[in-house]
Amino acid sequence: MSWLSSQWMWIASLAVLHFRLSLIPVLVGFLLSLPLGWLANRCGRGRSVFLAVVAAIYAIPSLSLLIALPSAIGTRILDPLNLEIILTLYALALMTRTSADALRQVDRQAIDGAQSMGMSPVRLFFTVRLPLAGPVMLSGLRVVAASTVSLVTVGSLIGIDSLGTLFTEGYQRSYIFEIMTGVVLTLLVALVLDGLLVGIGKLLMPWTRLKTTHHTQSSHLDRTAEMEAMA
Amino acid sequence: MITFTHVSKRYADGTVAIRDLSLTIPDGQLLVLLGSSGCGKTTLLRLINRLVEPTSGHISIDGTDTSTLNPVTLRRSIGYVLQGGGLLPHRTVLDNIALQSQLAGVRKSQARAIARRMMREVGLDPQLAHRYPSQLSGGQRQRVGVARALSVDSGILLMDEPFSALDPVIRHDLQDEVLRLHQNGTGVSAAAQDKPCTIVFVTHDINEALRLADRIVLLSPGAVIEQDGTPDDLLEHPANDFVRTFIEAGRPSPRLTGTKEHIS
Amino acid sequence: MIYERTWSWLTAASTWQGPQGMGVRTGIYLWDCLLTLLLALAIALPLGLWIGHTGHLRQVVVAFTGGMRALPTLGLLTALSLWMGLGLGAPLLALTVLAIPPILAGAYSGVESVDPRIVDACHAMGMTGWQTFRMAELPLAAPLIVSGLRSAAVQIVATWTVAAYLPIEGLGRYLIDGLAVHNYPEMLGGSLVIIVIELVVDGLFALLERAVVARGVRLERGMAGATSSRAQ
C-alpha cells in the first residue's frame, strides 16, 4: 500500500500515457477505414478478397511486428511511434470490414431518395451514407478500442512505457499487487475510452438517442459477438 | 375432427391472443381462419400441433386431448406449411421432403421414394429433386413445403399464410393445387388418399379465403369470432359492421377498378 | 545489412539444430498452441452452442466476452505466473482463458444467426430439440463456429510469443532473449518465423471456414452476391 501512495503520480502519468497511446490508433484507424471500406465496396467480386487481405494484418503477432517494423521503416526500436503504427494497422484490420459492411447496409430507399433529390455523390456520402452507417460503425469501433487498450501493454516488453510497465516491473519485483493495479487501471482506461466513444456517438447521432430500445441495444451486442468471432 | 373448448392464450408479455374460444372443425373441411395481422389466427393454428400451449381450455383431435400426447409425436402426424416453405437451405429438395417421413421412422431410401411421389403430387419437375432451395423460385419453394407436409398420413394439413409473399399468378396456381389436394386427400397410404383431408388455412386475404374455403371464420383481435359461415354467408349476410368493413376493404372496389382518368 | 545478417542467421545450421534449436522450439511452440486451443475448445464450444440453442445466460456471456477483450494478456500472464509459480501451468491457464471468448462468441452467434423461421419449421415438422440442433442449427452455424476458432487460434499463436517473457521455452525465446542482448538478427529472424506460422494458421482456418459452408448455402450466397453487385 505504501507503494501505491508513494508512486501514485508515476502510475497516474502511465495511465494518461496509456490513454493517449490508445486513442490515436483508434481514431486514425477509424478514419483510414472509411476510404478503405468504401474502396472495398467498389471492388465488386474482389470485395471479399480485399477485406480478407486487410484483415490478415491482425493475424501478425504484435511482439513480432514491434521488432520487425523498425528495421523496415527505419525507426528506432524504442520509438513509441512503432507502437502507434502497429496499433493503427490492427485497428484498420478490424475496422475496415465493419466500415465496408456498415456503408453497404445503408437502406437503399434512403439513398434513392437522396439521389432523386439531385444530391451529388460526395454530398450523398457525407450527409446520408456516413451518418446512417454510424451506429454499426460505432459498435465496431468500441470493440477495436477495447482490444487496442489491451494491446498497448505489450509495448512494455520492449521498453515502451504504458500501464504495461506495471506488469513487467511488478513481475521482476515479484509484486503481484503492482500487476493487479495495472490490470484494473487498464480496464478502467478501456471503460473511459468506451464511454467517450459512446458519448461522441450520441452527440453526433442524436437520432440514436431517441430509440435506445432493446433493438439497437441487441444489434450492438450482435455486432460485438460477430466481430469477436471474426477478429 | 379438431375441437377447441374454451381456449384462451395469454403470452408472457401480457398480450391476450385468444379469449375463450370454442370451435369445431369436422373431418374433410377446408376451414379458413381469416383476419388482419395480430388477430390471433396464427396462434390458433399453432395451438393445434402444440407449437403454442393454451393458457386455459382444451384442444382435442378425434376426441383425444392433445395435451395428453407427446408434442413431438403429435407434430410428426400433422402436416404444416409455412410461408416460404421453411426449408433447410443445406439440404436438397428431395432430402427436405424425405426428412418428414424419416422423422416418422421410414428408412431413407423409402423416404426418398415417397418424396418423389409427393413432388409429382404437387406438380414439381422431378429434375428439381437434387437442387437446393436457393436455386428455386418462390413458388417452387412453396410447393416443396407443401410436398413435405403431404408426406404426413393423418389427413390434417395446417397452412400458415403460405402464399402471401407470392405474386398473384403463382398464388392462383397454388390455390388450385390446394383445392385439388383437398379433394384427393393427402398422405402416403391409399386409405388416407381416398377421402378429402382436413385443411386449416390461415390468411389475411379475403379473396384467397373466398376462393378456397368451405367455411370461413373471420376473427377480430383477441381471436374473437365475428362471423363463422360459408363464403356466401359472409358476402350476402355479413353479421355486423366489422365483417362488412373487412370485406369491403379487401374486395376490389368498382370505383377504383375504373380507368386511369377516372382515378386521377 | 540487418537483413543479410538475419538471413545468414536463419539459414545457419546451428540455428536449427540442438535441443534449443529452431526445430525443437517450433515443435514445442506448436504443441503448446494446439493444447491451448483444444482446452479452450472443450470448455467454450459446448457452452456456446448451448447458449445459442437455448438463449440462456446470453446477456451475461455477452458482457463477459466484451469485457475480456480489454483484459491485458501480459497482466494476466505475469500475475498468474507469480501466483502459480514457474512452468506451463500459468501461461496455459492464461491463454486458455483468453481464447474462450472468441470461440464462445462464434458458437452462440453462429447458432443464433440461423433463420428463426427455419428453426420454427423444424419444430413444426416434429423434430426434437436435439434433432433441430443436429440437422439444422449446427450445420448452418458451422462457418461462424470455425471463424471463432480461427480468431482464437490466431490469438493463441500470437500470445505464446509473449509468454516467453515468463520464461517459457518456445519460439518466443528468440524475441525475448534477442532483446536482452540486443541481437537484432535473432529477434528479427524469430519474428519472421512466427509471422509465417501465424499467417499459415490463419490461412488454414480460412480455408476450413469456406469448406464448412454447406453447398446449398454457398449457392444462396453466390446468388445474393451476384444480385448485390449488379445493384451497384
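Hydrogens, waters and symmetry mates play no part in the numbers below; they use all other heavy atoms, side chains included. None of these values were measured; they are calculated from a predicted model.
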### Query
How many angstroms lie between atom CD of A:Glu178 and atom OG1 of A:Thr165, to the nearest 0.5 angstrom?
9.0 Å
### Lys/Arg N to Asp/Glu carboxylate O, A:Asp101 vs A:Arg47, below 4.0 Å
yes
### Query
Of all the residues in residues 82-98 of chain C, which have a heavy atom that comes within less than 4.5 Å of a heavy atom in chain A?
C:Leu82, C:Trp83, C:Leu86
### Message
Applying the side chain to side chain contact (heavy atoms under 4.5 Å, CB included) criterion to A:Ile158, which one of A:Asn82, A:Leu83, A:Leu63 satisfies it?
### Response
A:Leu63
### A:Tyr90 and A:Ser62: CA distance, side-chain angles, deciding distance, side chain to side chain contact (heavy atoms under 4.5 Å, CB included) verdict
CA-CA 9 Å; A:Tyr90 284 154; A:Ser62 52; 3.5 Å; yes
### Message
Just so I know, are the side chains of A:Ile179 and A:Tyr175 near enough to count as touching, which here means a heavy-atom distance under 4.5 Å?
### Response
no
### Task
Considering only heavy atoms and a distance below 4.5 Å, find which of A:Ala145, A:Gly182, A:Ser174 pairs most often with chain C.
A:Ser174
### Query
With distance as the sole test, does A:Ser156 use its side chain to make a donor-acceptor pair with the main-chain N or O of A:Gly164 at under 3.5 Å?
yes
### Task
Would you please name every residue forming a side chain to side chain contact (heavy atoms under 4.5 Å, CB included) with A:Leu17, sequence neighbours left out?
A:Arg20, A:Leu21, A:Asp161
### Query
What part of A:Val183 gets closer than 4.5 Å to chain C, counting heavy atoms only: side chain, backbone, both or neither?
both
### Query
Quick check: are there more than 12 heavy atoms from other residues, nucleotides or ligands sitting under 6.0 Å from CZ of A:Arg173?
yes
### Query
Among residues 185-197 of chain C, which residues come closer than 4.5 Å to chain A, judged by heavy atom distances?
C:Met187, C:Leu188, C:Ser191, C:Ile194, C:Ile195
### Query
Just by modelled atom types, is the C:Gly203 backbone N or O under 3.5 Å from a matching donor or acceptor in the C:Arg150 side chain?
no
### Query
Just by distance, do the side chain of A:Ser150 and the backbone of A:Ala146 share a donor-acceptor pair under 3.5 Å?
no
#### Entry: Proximal component of A:Ala55, with respect to chain C [non-hydrogen, under 4.5 Å]
neither
### Query
Relative to chain C, which of A:Leu151, A:Asp194, A:Thr186, A:Leu166 shows the most heavy atom pairs under 4.5 Å?
A:Thr186
### Query
Given the options A:Thr153, A:Leu187, A:Leu157, which has more heavy-atom pairs under 4.5 Å with chain C than any of the others?
A:Leu157
### Query
Backbone N or O of A:Leu103 within a donor-acceptor pair of the A:Asn41 side chain at under 3.5 Å?
no
### Task
Could you tell me whether a side-chain N or O of A:Thr96 sits under 3.5 Å from a main-chain N or O of A:Ala93, the two making a donor and an acceptor?
no
### Query
Any luck finding a side-chain donor-acceptor pair between C:Tyr165 and C:Ser81 under 3.5 Å?
no
### Task
Tell me, for C:Leu71 versus chain A, whether the close heavy atoms (under 4.5 Å) come from the side chain, the backbone, both or neither.
both
### Task
Keeping the roles fixed (side chain from A:His18, backbone from A:Val149), state whether a donor-acceptor pair exists under 3.5 Å.
yes
## Note on the structure
Most heavy-atom pairs under 4.5 Å with chain A, out of C:Gly110, C:Ala70, C:Ala158, C:Ala153, belong to C:Ala70
### Query
With only heavy atoms counted, which part of A:Thr168 is less than 4.5 Å from chain C, the side chain, the backbone, both or neither?
both
### Query
According to the interplanar angle, ranging from 0 to 90°, do the rings of A:Phe177 and A:Trp3 count as parallel (below 30°), tilted (30 to 60°) or perpendicular (above 60°)?
perpendicular
### A:Thr98 (side chain) donor-acceptor with A:Met137 (main chain) under 3.5 angstrom
no
#### Entry: Neighbour count above 12 (heavy atom, 6.0 Å) for A:Trp10 CH2
yes
### Query
Which of residues 168-179 of chain C get closer than 4.5 angstrom to chain A, counting heavy atoms alone?
C:Leu175, C:Ile176, C:Leu179
